Each structure stands twice: as C-alpha cells, then as structure tokens.
2 protein chains.
Amino acid sequence: MSLLKETKDVRAGHGRWYNDACGTAFAMELLGERWSLLVVRELMLGARRFSDLRASLPGISAKVLTERLEALERGGVLVRRVLPPPGRVQVYELTAWGYAAEPFIQEAGRWAARSRAHDPTLPLSPVSLMLSMRTMVDPAGLAGIAGITGRIGFVIGEESAGDCFVATPAPQGLPIVRGDVAGADAVFRAPRAAALAAGFYAGIAWDELEREAGVTITGERALALRYAALFRLPEPLA
Amino acid sequence: MSLLKETKDVRAGHGRWYNDACGTAFAMELLGERWSLLVVRELMLGARRFSDLRASLPGISAKVLTERLEALERGGVLVRRVLPPPGRVQVYELTAWGYAAEPFIQEAGRWAARSRAHDPTLPLSPVSLMLSMRTMVDPAGLAGIAGITGRIGFVIGEESAGDCFVATPAPQGLPIVRGDVAGADAVFRAPRAAALAAGFYAGIAWDELEREAGVTITGERALALRYAALFRLPEPLA
DNA sequence: CAGAATCCCATTCGATACTG
DNA sequence: CAGTATCGAATGGGATTCTG
C-alpha cells in the first residue's frame, strides 16, 4: 500500500497518467510535459540557477518553470541544492538517474535532425550546442584523432556571463564540462551559439563567420579546424 | 517563403512551439504531446486500424486519437493508407522517418526501467511487450546463440484477434514481425501481455505462469526457455 | 534575485451522443 | 467501423503582484 501511494505521488506531477507498464509511457509521464525535457537538457552539463534556466529557455514563464522543477524533483529527476558558502545560492541539479537521460535526449535530437522540416537556423542555447556535439560527433573521426588530443574551449556570449565549456576529444568519447577556457589549446568564441552551429553543421566557412558573425578562434587554429570537422549531420529521411 | 510556410504547417500540430533549433525541442513538438508517442509505439510493428489503436491505448478517446493522428500525419511521422481489395479498410502506417523513431522509444524505455518508481505490474499492450524485447535483449546473449536459431511465436489474447508475432533471434539482432505463428519452432501464448512480461522480466517461473496465468508454451520448450533467458532489466539507479 | 500566490482566459480533455 | 459533434470540467499558461 505504501508502495502504491509512493508511485502515485511520483506520478502526480501532472495528475493524469497512462495506465501502462511500458517504459516509454512512464518516461513520457515524467519528461513529456511541455518544457520538462528542455529543463533537463539545460541541466545536463551541470547545476544551474532558476534565472539561468529562465534565460536559456526563452518563452518559459516563472510559473511554468517552478511547476516543472517541482514535478521533476518529485519524480526523482533532479534535486534542489544550496551551494556552500560563499555563494549560498540555490541551484537545481540532476540526480544520477537524471543524468542517465542523456541518451534519450540524444536520440530525440538524432531523430529530429533527419527530418526535412527541422529548422536549424532557429536560436540555440549554449548547452544545446554543446550537447549536440556529443550527439553528432563522428565516432570514426574521434577514433582517428588518437594521439592528437587537445583541449578545445568555447565561450558563448560574454565571457564573464559564464557560458564557458571545455571539450576534450579522445578516441573513447567526447567529454564536455563547464569550466575555465584558460588552459585550452584552442578557443572558439561567439556572441550566440547559433553562429558556431552554422560552422559545425551548416558548413558555413569559418573565416566568413569570423568576418560576419562575431566568431573568433584563438590558440591553435589548425587544431580548432580539425575539431570542427568531426561533426556530421545525419541524412534526412523521407 | 514556401519553405517557411511548410515548416509552420508541420509545427501547427499543437499551436505552440518552442523557438529552438535543438533537435530535442523539435522532437518534443512532434511526439511530446500526450498520447502521441504511444500511438507511434503501437504502429512500430506495422500498420493498424483506428479501432486497433483505440483498443491498445486504454483511456484515449476517439477525439484525442483523431487529433493525434492528424498531427502526426501533418508532421510526416505517419500516413493514412487504404488497404488494397479485398479489405479496403483504412490503416495508419509509419513513414520511414516514423520507423526511425524506434531508438528514441527504446531509450525512453531503457531510462524508465532504471527508476525505482517504475511499476512493471501495470497492464501492457502486446506491441509494448514485443518492443520491450528488442530493447532489453542482452546483446551478449544474442551473440551466444549463433547456430541455434529458431523462430519463436507469440499469441496474445485470442489467436483470431490478430496479436500474433514471430521473433527470429540472431547474433545480429532480434527482428520481430507480425505474422502467423504456424511455422514457429516454439510458441508462447497468454491471455494478456503482462503474463508474459512477468516471466521475461519479473523472474516468475514459467510453470507457475502456466498454472495460474493462462500461459502456454508449445513446440520446443527448451528453445522457448532459452529464448526467455535472453532478457535482462537494467539496474535501477538512485 | 528566487520564487509563491492570484487572477483569468484559452485550450484541452474525456464522456457521450450521433452519423455515413 | 471510423470517425464527428457537442459540452462541461479541468488544466495550462501568461501577466501581475508580493515577499524575503
């Protein structure tokens, strides 16, 4: 009985639930509500504050964000945490199970990228761009870089604003973490994520982006360009 | 301009859209609406009729099913088709791109299965059960059966009602198709899919299910039991 | 800044009844 | 069988206000 109650509480996020043992149904109960999966996506590269999330999800209202965070916390996908002093600010952070949703998010992106209706020119959040690299990196290309490891930095928007990441391509995978780009061997900078997406995925020449979209590439330029060539969009499917 | 209009039409399924180039957002626009992904799931093993879908999705109303089918058709996920005579009935069938959503559905299930809140005792549609096999089959186990191929049949509910499938395990994968079980080497039969799920995933002994849940196993029993041992639920994650 | 609380309208849901 | 039509109830989400 207590188990049943527990289950009902977890699923009470949006009142209605499918009565279905299928995992797909359960996942959609937790993540299928409007905005929910995008909130999880924004947390996928580390804890964020309420206002960070709001800024990364243009169009979401404070009320809806509050509701989604509550439902995801009840569902065990994320936890609220107060950063140790100094700081003391409250952040939201995925649980281990929440982080395990990355393959699900990746398959969503991989599937959508094969549609002709998908419009890649829309705005893009910094986290979206970084996650898309993990999804779209060519494994064969990664395997081929054995021995030429380098740390690639990314700064999107104002450097002080905090959207800085470091990617460390390796044959085994492509770890990406938030962090200082000071130690990186090459750094991409852009005012908006979409400018970098144009170079990685739309095939726009990097020197054109540097002239017209505010992109800058510093450090080992050859390494940066080799990195940028690792990504490939899948073929569209009728 | 015509391309822009096209895009807007496709996305008009439920009026609101994220303004986000991220594929995850686009996928959720098309599949994230309540019931949508479950409709796609039910079509994943072949075309179905309106009333089949309604019967497989307890709780969905005719209105909502109609709306979802319209939106999915506009989105290019499925098409309506009229079967050639005799028959002449109308069915819904996934497009090639719709079928490509299977990995997405699988990752949803794989993720949900790692939650402690997931309740596997709820009812299950026949298609859900068959798809779960493709998701949960142990690749190492499949590789180990090289040379012992056999065709495994499944009949769920009344044989005449049509929920019959044949699985052909092979080292390369586990194809599952709707079809006559007459040529199968072993056949599982059960009044409801959940009875078989109890054997595959909850570890309930098959002879107990045969005595108490209406399950029958015909043909090569040893083959059937070897097949049933190929499946493993992932570890729950905190 | 990080939400909680209210208000309020548009949308959506599900049930039922109806139809070619 | 394959939907359409209608309707009341529930929900959703934007805007605004308030608080510590």
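From a predicted model like this one, the values you see are computed outputs, not experimental measurements. Chain naming here is simple, since letters A, B, ... match the order of the sequence lines and numbering starts at 1 in each.
Within 4.0 Å of R48(A), counting heavy atoms only, lies no atom of the nucleic acid at all. W35(A) comes within contact range of no nucleotide atom at all, as no heavy-atom separation falls under 4.0 Å. Backbone-only engagement by Q90(B) is indicated by non-hydrogen atom pairs under 4.0 Å involving sugar-phosphate atoms exclusively. Nucleic acid contact for S51(B): sugar-phosphate only, since backbone atoms but no base atoms lie under 4.0 Å from a heavy atom of the residue. Within 4.0 Å (heavy atoms only), R88(B) reaches no atom of the nucleic acid at all. Within 4.0 Å (heavy atoms only), R54(A) reaches no atom of the nucleic acid at all. At a threshold of 4.0 angstrom between heavy atoms, the contacts of R49(A) are confined to the sugar-phosphate backbone, with no base atom among them.
Whole-Å rounding puts the L65(B) CG to dC1(D) P distance at 14 Å. Y92(A) places its OH atom 12 Å from the C1' atom of dC1(C), with the value rounded to the nearest Å. To the nearest angstrom, C1' of dG3(D) lies 14 Å from CG of D52(B). Look at CD on E33(B): it is 11 Å from C1' on dG12(D), rounded to the nearest Å. Per the geometry, NZ belonging to K63(B) stands 16 Å off P belonging to dA17(C), to the nearest Å. Between the P atom of dC1(D) and the CG atom of L83(B) lies a distance of 16 Å, rounded to the nearest Å. Per the geometry, OH belonging to Y18(B) stands 13 Å off C1' belonging to dG12(D), to the nearest Å. Atom C1' of nucleotide dA2(C) and atom CZ of R68(A) are separated by 18 Å, given to the nearest angstrom.
Mapping E67(B) and A62(B) onto DNA chain C via the closest heavy atom, the residue that lands nearer the 5' end is E67(B).
Nearest to the side-chain atoms of V89(B) among the listed nucleotides dG14(D), dT4(D), dA2(D) stands dA2(D). You'll find that the side chain of R34(B) is closest to dC13(C), out of dG3(D), dG3(C), dC13(C).
Residues W111(A) and F26(B) place their aromatic rings such that the two centres sit no closer than 6.0 Å.
Checking R80(A) against Q90(A) by side-chain atom types alone, a donor-acceptor pair falls below 3.5 Å.
Summarising the local packing, CZ of R178(A) is surrounded by more than 12 heavy atoms from other residues, nucleotides or ligands at distances under 6.0 Å.
Atom CG of residue L78(A) and atom CZ of residue R68(A) lie 12.5 Å apart, to the nearest 0.5 angstrom.
M133(B) is not listed as a side-chain neighbour of F165(B), based on a closest heavy-atom distance of 4.5 Å or more.
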